[in-house]
Q: 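Take this structure, written in structure tokens, and hold onto it; I'll ask about it next.
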Amino acid sequence: MSVRVRYAPSPTGLQHIGGVRTALFNYFFAKSSGGKFILRVEDTDRERYSDESLQDLYDTLSWLGIKWDEGPVVGGPYGPYIQSERSDIYRHYAEELVKKGKAYYCYCSQERLEKVREEQIKNKSEYQGYDRHCANLTEEERLEYEKQGIKPVIRLRVPTEGKTTFHDVLMGDITRRNRDISPDPILLKSDGFPTYHLANVIDDHMMGITHIMRAQEWIPSGPLHVLLYEAFGWEVPIYCHLPMVMGKDGQKLSKRHGSTSLRDFREKGYLPEAIINYVTLVGWSLDGSTEFFSKEDLEKCFRLENIHKAPAVFDYKKLDWFNGYYIREKSDEEIAALISPYLEKEGFISPDMNGEEKEKLLRLAHASKERMKVLSDIVPLSSFIFRDQPVEDKATYVAKGSDLEKTITALEKGGDLLISSLKAGVVEKEIEDKLFSLSEELGVKVNGVFQPLRVAITNSTVSLPLFDSISLLGLDETEKRLKRGLSIIRS
RNA sequence: GUCUCCUUCGUCUAGUGGUUAGGACAACGGGUUUUCAUCCCGUCAACGCGGGUUCGAUCCCCGCAGGAGAUGCCA
């Protein structure tokens, strides 16, 4: 049997970590087993639907480099792959169920349902859910409602006796008594659109889906879906419920835990390699010690058996660590291209750079690479080059173990030494040695000399290496800043 | 309330009827280094609890506790 899996998100918001993790698992399982990965858009919630979300879905998957074998845009033999274009199919099957007596029309108003719910909560009723008010309407009653112009929903007739079991690859058999299944869930809404349960089951069957990999929050509806497959007389696919992704507090990951949308991560400067690597490791591992996986690796070695059962907490710091690693792995040219948008956004550079500027960007990329966790870090790291905000606080120039007087001397002599040497073309190593000697003369640690120079030149105690900074800034500007620094601490 | 699932360092995880319970991130300490970062070395740190089964349980069984999810004309 050839594997066919699907990622079936609902375009009601931006793609988030949890959804992408599900997509990735499906995708890697498909690839590693020589199967097909299908994308299906479950846009049956017309209230929450948005075009932006749909576009975000496509953007996110393509940014990650996840290509779907069948689905919107690319098409396929089982289309359409957008549920809102399949309404007729769902209606047809829902009505078929009514004819079979497995489902029925319900004319209850939302108000009535609300009231029933309230009542049940108030009475602490053991039984919660729809009271099956319309389960056995006579034909006359039904026609009367129709005459009133009430648009009905179609509900599944859930048996009150017996129990239903489904098998999960990870969890084993999961059984629920039928009486515990939410009584008579709606299959077709009054607006004519199907609910998740109906559309999902029909499409998975019609599209030949072999394995259903979805988050564990769906476990409780597993038996309900089985009931539906049975009502239609269809074969039940293989289930694999994925552990959920949680926030630090153990609750389902959400915005209040930090960024969750892939768009956020992308904008901050996370690389797809890092996201793929880390996110796949949330709830999955190969052997407990291998930690770096490329997309290609995962397309080969991903196995269902290695999925963990327990929910996993999303660790932003570990993602940062992965991202830093992948940034360092890139060539200077790649980094230059990746940081450009951030610099352009700040107005630091313009898209049409001349050769000299391009070369400078490359040097910046080289000097910054090891210092970035995310690409947007380039802004604070490089702003001293493009924007001049001198440090006015004298104390900042003074290194630990030094004093103002020594600092003034260090900046004056060190600065002169630096400028004259650089003008004379002395190699860095030699200049460095001279500065070391200067620190010895002054009786301070090397930083007693370097810190004032650094603060004057880069306007910060934390910066790129001094010689890189000077080279990026230019000799004239460096000289200017050194003089200004001196006048600041002398004042 | 009811139902279902889950439980190894703070976090992600490996693992076995007898192991010094392994790795990674984080944290902390040290080294390299002009700062920061990188890099290197090290330290701290876990089998939820109670019963069984067994010569022996982290591992098998049963309870309990804790956590999570579901209980919508949302998915």
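So that the names make sense, note that chain A is the first sequence line, chain B the second, and so on, each numbered from 1. Since this is a predicted model, take the numbers as computed values, not measurements.
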Q: Salt-bridge test for A:Asp203 and A:Arg40: reply yes if a basic N is under 4.0 Å from a carboxylate O, no otherwise.
A: yes

Q: Please determine whether a side-chain nitrogen of the Lys or Arg among A:Arg48 and A:Asp45 lies less than 4.0 Å from a carboxylate oxygen of the Asp or Glu.
A: yes

Q: Name the closest nucleotide to the A:Arg48 side chain, picking from B:rC73, B:rG69, B:rC74.
A: B:rC74

Q: Check whether the side chain of A:Thr195 and the base of B:rC73 form a donor-acceptor pair under 3.5 Å.
A: no

Q: Just to be sure I understand the rule, does A:Lys252 reach a base, reach only the sugar-phosphate, or reach nothing, if contact means heavy atoms closer than 4.0 Å?
A: sugar-phosphate

Q: What contact category does A:Gly283 fall into here, base, sugar-phosphate, or nothing, at under 4.0 angstrom with non-hydrogen atoms?
A: sugar-phosphate

Q: Which parts of nucleotides 35-41 of chain B does protein reach within less than 4.0 Å, heavy atoms only, written one letter per nucleotide 5' to 3' as B for base, S for sugar-phosphate only and - for none?
A: BBBSS--

Q: How would you list, by chain and number, every residue that makes a ring-ring contact (aromatic ring centres under 6.0 Å, His included) with A:Tyr107, sequence neighbours excluded?
A: A:Tyr145

Q: Report which part of the nucleic acid A:Ser285 touches: base, sugar-phosphate, or nothing (heavy-atom distance under 4.0 Å, all strands).
A: sugar-phosphate

Q: Is it true that atom NZ of A:Lys445 has more than 12 heavy atoms of other residues, nucleotides or ligands lying nearer than 6.0 Å?
A: no

Q: Determine the contact category for A:Glu432: base if any of its heavy atoms lies under 4.0 Å from a base atom, sugar-phosphate if only primed atoms, P, OP1 or OP2 are that close, otherwise nothing.
A: base

Q: Do the charged groups of A:Arg6 and A:Asp204 touch, with an N to O distance under 4.0 Å?
A: yes

Q: Heavy atoms under 4.0 Å is the rule here; annotate nucleotides 4-11 of chain B 5' to 3' with B where the base is hit, S where only the sugar-phosphate is, and - elsewhere.
A: SSSS---S

Q: Taking NE2 in A:His366 as the centre, count heavy atoms belonging to other residues, nucleotides or ligands within less than 6.0 Å. Is the count above 12?
A: no

Q: Does a side-chain N-to-carboxylate-O contact under 4.0 Å join A:Lys369 and A:Glu329?
A: no

